[in-house]
Protein chains: 2
Amino acid sequence: MSSNTIADRLQARFDTLTRAERQLADAILENYPVSALGTITTVAQTADVSTPTVARLVQKLGFKGFPEFQAEIRQELEARISSPIAKHDTWAEHAPEGHILNRFTEAVIGNISQTLAQIDVETFERGCAALADPDRAVFVVGGRITRALADYFFLHMQVIRPRVTHIQSISNAWPHYLLEVAEGDVVVIFDIRRYENSTLKLAEMAAEKGAKIILFTDQWRSPVHKYADVCFCCRIGVPSAWDSSVVSLLLLESVIADVQERNWPVTRGRMDALEEMFDRTRFFRKFT
Amino acid sequence: MSSNTIADRLQARFDTLTRAERQLADAILENYPVSALGTITTVAQTADVSTPTVARLVQKLGFKGFPEFQAEIRQELEARISSPIAKHDTWAEHAPEGHILNRFTEAVIGNISQTLAQIDVETFERGCAALADPDRAVFVVGGRITRALADYFFLHMQVIRPRVTHIQSISNAWPHYLLEVAEGDVVVIFDIRRYENSTLKLAEMAAEKGAKIILFTDQWRSPVHKYADVCFCCRIGVPSAWDSSVVSLLLLESVIADVQERNWPVTRGRMDALEEMFDRTRFFRKFT
DNA sequence: CATGAGGTGAAGATAATTTTTCAGAGAAAT
DNA sequence: ATTTCTCTGAAAAATTATCTTCACCTCATG
């Protein structure tokens, strides 16, 4: 019964409808399903029929009343809007539906979908462009948990371009690094809840020095965002006592891919040089 | 090009919102825009706030009342539905189809799907059970790039349970750590291509000492897998010169969630103690 | 042309939604 | 510790939507 939509039912029963009802059905189908979302009065006016006609039609379709009809329209819409992949019930096929692997993955996919839907592409590209600019030095800062993300980012950027520094915010020596920050430099900050005070201070001071700040944070946005030129807000909710960094990592890797592409000639040279160094290291290791 | 949708406005003004309003905004954005289509009461209940809160929020956004707000939501929806590209195979809606964000995300989703489909649940659970066993010490080892993943895992496990050690494989002091490894202990190894020789050696020696080895690797499997009791093979291909660690992180977080659940009483106590220590740290920080 | 059956919409009755009011809770400041 | 302020949701009030009734209309049929 729920397999066929209201639109289908309207068309199937079209012959059994009266003149005004057909006029109404036409109007609904014309711009389905948004046309059926207003109040019963709005719908009636759009179709140029009276409200009782609308009420009678939805009853003919088997609904108790207009609100019930509209509820089903909304359900249909939701099914249609939400991306098809998000409806994957079981990801790990060999696991039961409620297994942590499936629940977790389900949540992560949702996070990805929502985060990406809200991202501003111009901002993304502005950030990548700044990171690819060889005239700007790059500093990377993480917090207690996010230091792993910061490290991951640093490892890649270090290969992609020169003048990249990882500020180990754990140490209380970070003010030393600030000495190096010049106007126009880029400071990439990771601050996901529990936001850290020292990170905020660092951002404030970097901003004062005229640095461009790129922030990776969660949907609730760290206070650092006041100073940020580019702000990536990642959804982090998962069925766990911990927050998920998967979406942050996804964006991070996208940024890396984009920057590396903008910078390809430079990156290429650096990667080759790195390879060569590894080869020589390995050569020596053989004999140890 | 962002035409100032309500979603945009909600995000832009997020800071100026109060607690309950943020909660509401979150709920609306969670399943936007269908979430905003019911009655004001429905919307309020979904977000677990009161109706006046909803009314106040929409007024903050500049609408005269909820109906006016909803009318605009419907308009947006209509524009979105009727737009020629109603197909939802783009993830970042504001980006062109071939944008790196969309290509990258597409690849990552594919990786997740493939990896999860192949995972063996019993193996997963065996690994988690071992990690939750307090009688076994846990050692974590990463490589050049994967050290960030190892660090992330270590950070969480350290809170969840006692006797967790991070072996910094970069240092050549890792043999020192091996002295500590006893029979039945768990060694978690990250080895994603370019596989590292020292990692392989470490695995071999740990196996000899009777340690249980859990390996995170890629689809081509590091040679370490010969010694591994549990082997997670993650798809890593993305449109980039680099490999993606997103799937590895996803599995990692799933493992963390599972272990933490098995160990909840212990974890709980440790997390509380940690919170308390942070509170005291923050107290002191106030005066610095 | 008369008649009646079924269809339609105006208008009022009913039910609901939305808005307003207000008191208590909680945070920030003194 | 106390005061002040803002925020929040319960409940009442206002508004609006939905439903019901009924008179009128159309059109097929005798």
Side-chain angles (χ1 to χ4, degrees), chain A residues 6 10 13-28 33-75 77 193-195 197 200 220-221 223 226, chain B residues 6 10 13-28 33-75 275 278-279 282-283 285-287:
Chain A
I6 289 179
L10 271 178
R13 305 201 43 182
F14 199 81
D15 321 318
T16 70
L17 302 182
T18 65
R19 182 191 57 74
E21 284 168 350
R22 290 183 190 200
Q23 192 177 322
L24 171 60
D26 269 339
I28 292 176
V34 184
S35 49
L37 283 177
T39 68
I40 195 174
T41 316
T42 315
V43 175
Q45 283 176 347
T46 309
D48 225 11
V49 297
S50 65
T51 34
T53 302
V54 183
R56 279 189 289 259
L57 178 61
V58 300
Q59 278 175 9
K60 267 196 184 173
L61 290 176
F63 297 100
K64 221 182 127 200
F66 185 77
E68 193 179 291
F69 161 82
Q70 209 172 47
E72 186 151 331
I73 289 276
R74 275 198 293 271
Q75 263 187 277
L77 192 65
R193 69 160 181 201
R194 326 264 325 238
Y195 311 122
N197 229 311
L200 181 60
W220 300 284
R221 290 204 279 188
K226 279 180 298 194
Chain B
I6 289 179
L10 270 179
R13 304 205 43 185
F14 201 83
D15 326 314
T16 69
L17 302 183
T18 65
R19 183 190 57 73
E21 285 167 352
R22 290 182 190 204
Q23 192 176 322
L24 171 61
D26 265 341
I28 292 176
V34 184
S35 49
L37 283 177
T39 68
I40 196 174
T41 317
T42 315
V43 175
Q45 281 176 348
T46 308
D48 226 9
V49 298
S50 65
T51 35
T53 302
V54 182
R56 280 188 289 258
L57 178 61
V58 301
Q59 278 176 10
K60 266 196 183 174
L61 290 177
F63 297 100
K64 222 183 126 200
F66 185 77
E68 193 180 289
F69 161 82
Q70 208 173 48
E72 186 152 331
I73 289 274
R74 276 198 293 273
Q75 264 187 279
E275 280 305 310
F278 278 132
D279 283 348
R282 197 160 301 122
F283 178 70
R285 268 205 202 131
K286 264 187 185 159
F287 301 96

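Below, chain A is the first sequence line, B the second, and so on; all start at residue 1. Note: hydrogens, waters and symmetry copies are ignored here, and every other heavy atom, side chains too, is used.
- Interface residues of residues 17-28 of chain A facing DNA chain D, ordered by number: none; criterion, heavy-atom separation under 4.0 Å.
- Contacts of B/Gln23 classified as side chain to side chain donor-acceptor pair (under 3.5 Å), with partners at least two apart in sequence or in another chain: B/Arg19.
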- Per-nucleotide protein contact string for nucleotides 18-23 of chain D, where B marks a base within reach and S marks sugar-phosphate only (heavy atoms under 4.0 Å, - for neither): BSB---
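- Not counting sequence neighbours, the partners of A/Arg193 by the side chain to side chain donor-acceptor pair (under 3.5 Å) test are A/Asp243.
- Partners of B/Pro67 under the side chain to side chain contact (heavy atoms under 4.5 Å, CB included) rule, at least two apart in sequence or in another chain, do not exist in this structure.
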Quiz: residues 33-41 of chain A side-chain donor-acceptor pairs under 3.5 angstrom, not counting sequence neighbours:
from: A/Ser35; atom 1: OG; to: A/Ile28; atom 2: O; distance (Å): 2.6
from: A/Ser35; atom 1: OG; to: A/Asn31; atom 2: O; distance (Å): 3.0
from: A/Thr39; atom 1: OG1; to: A/Thr41; atom 2: N; distance (Å): 3.4
from: A/Thr39; atom 1: OG1; to: A/Thr42; atom 2: N; distance (Å): 3.1
from: A/Thr39; atom 1: OG1; to: A/Thr42; atom 2: OG1; distance (Å): 2.7

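- By the side chain to side chain contact (heavy atoms under 4.5 Å, CB included) test, A/Arg22 is found to be paired with A/Phe14, A/Leu17, residues two or more places apart in sequence or in another chain being considered.
- With sequence neighbours excluded, no residue forms a salt bridge (Lys or Arg N to Asp or Glu O under 4.0 Å) with B/Asp48.
- With the end axes of the helix from C/dC1-D/dG30 to C/dT30-D/dA1 each set by five pairs, the angle from one to the other reads 20° at 10° resolution.
- Spacing between atom CG of B/Leu37 and atom P of C/dT17 amounts to 15 Å, rounded to whole angstrom units.
- Here A/Ser50 pairs with A/Thr53 under the side chain to side chain donor-acceptor pair (under 3.5 Å) rule; sequence neighbours left out.
- Sorted by first and then second residue, the side-chain hydrogen bond (donor to acceptor under 3.5 Å, both in side chains) pairs with a member in residues 55-66 of chain A read A/Glu21-A/Lys60; sequence neighbours excluded.
- Residues passing the ring pair (Phe, Tyr, Trp, His ring centres under 6.0 Å) test with A/Phe63, sequence neighbours excluded: A/Phe69.
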